[in-house]
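Below is one structure, written out as structure tokens, with a few remarks after it.
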Amino acid sequence: MAFPQPKPQAPQLPRHLLRTIDCQQGAVRAVRFNADGNYFLSCGSDKTLKLWSVSRGTLLKAYSGHGYEVLDADGSYDNSQLCSCSSDKTVILWDVATGQVTRKLRGHAGKVNCVQFNEEATVMLSGSIDGTVRCWDTRSRRFEPIQILDEARDGISSLKVVQHELLTGSVDGRVRRYDLRMGQLHVDFINSPITCVCFSQDGQCTLSSSLDSAVRLLDKSTGEMLGEYTGHKMKGYKLDCCLSSKDTHVLSCSEDGHVYCWDLVEGSLSLKLPVGKAVVQSMSFHPTETRLLTAMEGRVQVWGAEPEEPEEDAMAT
């Protein structure tokens, strides 16, 4: 039987629950894949950061050193270092293998919402409720930041860095893109507090979610709005949005217990993934595969495009 459209198979979506992991670290505030997608980090309200195997769902190491709940984390490209940030106003650089704190950096005047390495892991960037982004040199012994970006008029909720570009989202309703090489700043005004920002995989667009329950796709160079995605609920929580690994779909957490997944071009809802009965706090899309992590309360769920072989005698299609 022939299908009307000669489309090659539609891009797959992570609709099958592969496993649920009870992280045992209080509420999971953020969940993040590492650079190659083989491991993930979970940030707990019990002040711990944990490293897990994605394929087995096993705990590899726990990292303790923060004085309050951990809000975000990132792994270096070579998996040798981690960075994390916390409500205790600090940013910590960790040695993955030993679990030891390499450096504990203070300087933010309030809780630190987001943290990320640059591509070479020579710099950590942290964004805080104090309205600043601080850039820390991971190789020097200095305890002062090498640069402070203080253009935001309210807290920084999210940041992403790719090569020489830094994208920040602020509660002041603005998405700021810094060209760190050229020393330029581009600002897009969205009339609602921003909860999450990211670049598209091809680097041409920016994605931002805000507390008016909308996710917006903007052309990076012109600021023109290319798409607006709605239907989910985001009114009072700082929730994640992201793009699938091939830029085919836009995803967002929601306060109604689902992850919403829209077709990037058409804007239509492709999938409403039922995660549970509470707020989906965080999510992370695999860098190359159709894999999704979601965090709800104290658990992390791993989703895939196909059920795993041992669980079902899945015939190859």
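Note that the structure is predicted; figures quoted are calculated from it, not measured. All heavy atoms count here, side chains included; hydrogens, waters and symmetry mates do not.
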Inset, instruction - Mind running side-chain hydrogen bond (donor to acceptor under 3.5 Å, both in side chains) on Ser42 and Gln25 for me, showing each step along the way? - result: CA-CA 9 Å; Ser42 61; Gln25 54 185 152; 2.3 Å; yes
Inset, instruction - Tell me, please, which residues at least two apart from Asp256 pass side-chain hydrogen bond (donor to acceptor under 3.5 Å, both in side chains). - result: Ser254, His258, Tyr260
Legend entry - Same apolar cluster: Val123 and Val133, side chain cutoff 4.5 Å: yes
Inset, instruction - Treat each ILVMFWY residue as a node, draw an edge where side-chain heavy atoms are under 4.5 Å apart, and state whether Leu60 and Trp52 are in one component. - result: no
Inset, instruction - Check whether Leu207 and Trp262 end up in the same hydrophobic cluster, where Ile, Leu, Val, Met, Phe, Trp and Tyr are linked by side-chain heavy atoms less than 4.5 Å apart. - result: yes
Inset, instruction - Kindly work out whether a path of hydrophobic side-chain contacts (I/L/V/M/F/W/Y, heavy atoms less than 4.5 Å apart) joins Leu59 to Leu51. - result: no
Legend entry - Rounded distance (nearest 0.5 Å) linking atom NZ of Lys61 with atom CH2 of Trp94: 11.5 Å
Inset, instruction - Could you tell me whether the side chain of Gln281 reaches within less than 4.5 Å of the side chain of Val28, counting heavy atoms only? - result: no
Legend entry - NE2 on His16 to CG on Leu292, rounded to 0.5 Å: 13.5 Å
Legend entry - Flag side-chain contact, heavy atom, 4.5 Å: Leu273 against Leu251: no
Legend entry - Partner residues of Thr290 under the side-chain hydrogen bond (donor to acceptor under 3.5 Å, both in side chains) criterion, sequence neighbours left out: none
Legend entry - Donor-acceptor contact below 3.5 Å, side chain Lys238 vs main chain Ser157: yes
Inset, instruction - Report yes or no: does Asp247 contribute a side-chain atom to a donor-acceptor pair with the main-chain N or O of Asp202 at less than 3.5 Å? - result: yes
Legend entry - Side chain to side chain, Ser64 and Thr48, heavy atoms closer than 4.5 Å: yes
Inset, instruction - Look up atom SG in Cys205 and atom CE in Met225, then write down how far apart they are to the nearest 0.5 Å. - result: 13.0 Å
Inset, instruction - Answer yes or no: is there a donor N or O on one side and an acceptor on the other, between the side chain of Arg19 and the main chain of Ser55, under 3.5 Å? - result: yes
Legend entry - Close side-chain approach of Ile92 to Leu49, heavy-atom, < 4.5 Å: no
Side-chain donor-acceptor pairs of residues 103-111 under 3.5 Å, sequence neighbours excluded:
| unit_1 | atom_1 | unit_2 | atom_2 | d |
| --- | --- | --- | --- | --- |
| Arg103 | NH1 | Asp137 | O | 2.5 |
| Arg103 | NH1 | Ser140 | O | 2.9 |
| Arg103 | NH2 | Arg142 | O | 2.1 |
| Lys104 | NZ | Gly65 | O | 2.8 |
| His108 | ND1 | Asp130 | OD2 | 3.1 |
| His108 | ND1 | Thr132 | OG1 | 3.3 |
| His108 | ND1 | Arg134 | NE | 3.4 |
| His108 | NE2 | Ser126 | OG | 2.7 |

Legend entry - Check: Cys261 main-chain N/O paired with His249 side-chain donor or acceptor under 3.5 Å: no
Legend entry - Residues which pass side-chain hydrogen bond (donor to acceptor under 3.5 Å, both in side chains) with Asp240, listed by chain and number, not counting sequence neighbours: Arg32, Ser282
Inset, instruction - Please examine the side chains of Asp72 and Asn113, heavy atoms only from C-beta on, and report whether any two atoms are closer than 4.5 Å. - result: no
Inset, instruction - Hey, could you give me the OG/NZ distance between Ser213 and Lys235, rounded to the nearest 0.5 Å? - result: 4.0 Å
Legend entry - Set of salt bridge (charged side-chain N to carboxylate O under 4.0 Å, His left out) partners for Lys47, sequence neighbours left out: none
Inset, instruction - Enter the distance from Gln201:CD to Phe285:CZ here, rounded to the nearest 0.5 Å. - result: 9.0 Å
Legend entry - Which residues share a salt bridge (charged side-chain N to carboxylate O under 4.0 Å, His left out) with Arg291, sequence neighbours left out: none
Legend entry - salt bridge (charged side-chain N to carboxylate O under 4.0 Å, His left out) pairs, two or more places apart, involving residues 209-220: Glu165-Lys220, Asp212-Arg216, Arg216-Glu228
Legend entry - Step-by-step side chain to side chain contact (heavy atoms under 4.5 Å, CB included) determination, Glu306 to Gln12: CA-CA 9 Å; Glu306 302 288 340; Gln12 290 183 303; 2.8 Å; yes
Legend entry - Atom OH of Tyr39: over 12 foreign heavy atoms under 6.0 Å: no
Inset, instruction - Could you list the residues that satisfy side-chain hydrogen bond (donor to acceptor under 3.5 Å, both in side chains) with Gln301, not counting sequence neighbours? - result: Thr294
Inset, instruction - Tell me, yes or no, whether the heavy-atom count around Tyr68 atom OH, taken from other residues, nucleotides or ligands under 6.0 Å, exceeds 12. - result: no
Legend entry - Donor-acceptor under 3.5 Å (Lys50 side chain, Gln24 main chain): yes
Legend entry - Student check: side-chain heavy atoms of Val302 and Leu293 closer than 4.5 Å: yes
Legend entry - Minimum side-chain heavy-atom gap Leu218-Leu226 below 4.5 Å: no
Legend entry - Members besides Tyr237 in its Ile/Leu/Val/Met/Phe/Trp/Tyr cluster (side-chain heavy atoms under 4.5 Å): Leu211, Met234, Leu239, Val279
Inset, instruction - State whether the side chain of Ser158 and the backbone N or O of Val197 hold a donor-acceptor pair below 3.5 Å, judged by distance alone. - result: yes
Legend entry - Non-hydrogen side-chain atoms of Ser209 and Val215 separated by less than 4.5 Å: yes
Legend entry - Approximate separation, where rounding is to 0.5 Å, of Asn118 CG and Asp74 CG: 10.0 Å
Legend entry - Main-chain N/O of Leu93 paired to Gln81 side chain as donor or acceptor, under 3.5 Å: no
Inset, instruction - Examine distances only and state if a side-chain atom of Gln116 and a backbone atom of Val161 form a donor-acceptor pair shorter than 3.5 Å. - result: yes
Legend entry - Under 3.5 Å donor-acceptor, Ser170 side chain and Gly155 backbone: yes
Inset, instruction - Could you tell me which residues satisfy salt bridge (charged side-chain N to carboxylate O under 4.0 Å, His left out) with Arg29, sequence neighbours excluded, listed by chain and number? - result: Glu69
Inset, instruction - Please identify each residue that fulfils salt bridge (charged side-chain N to carboxylate O under 4.0 Å, His left out) with Asp172, with sequence neighbours left out. - result: Arg176
Inset, instruction - Can you run down the salt bridge (charged side-chain N to carboxylate O under 4.0 Å, His left out) pairs that involve residues 80-95, sequence neighbours left out, and say none if there aren't any? - result: none
Inset, instruction - Verify the cluster assignment for Tyr178 and Val187: are they in a single hydrophobic cluster under the rule of side-chain heavy atoms below 4.5 Å apart? - result: yes
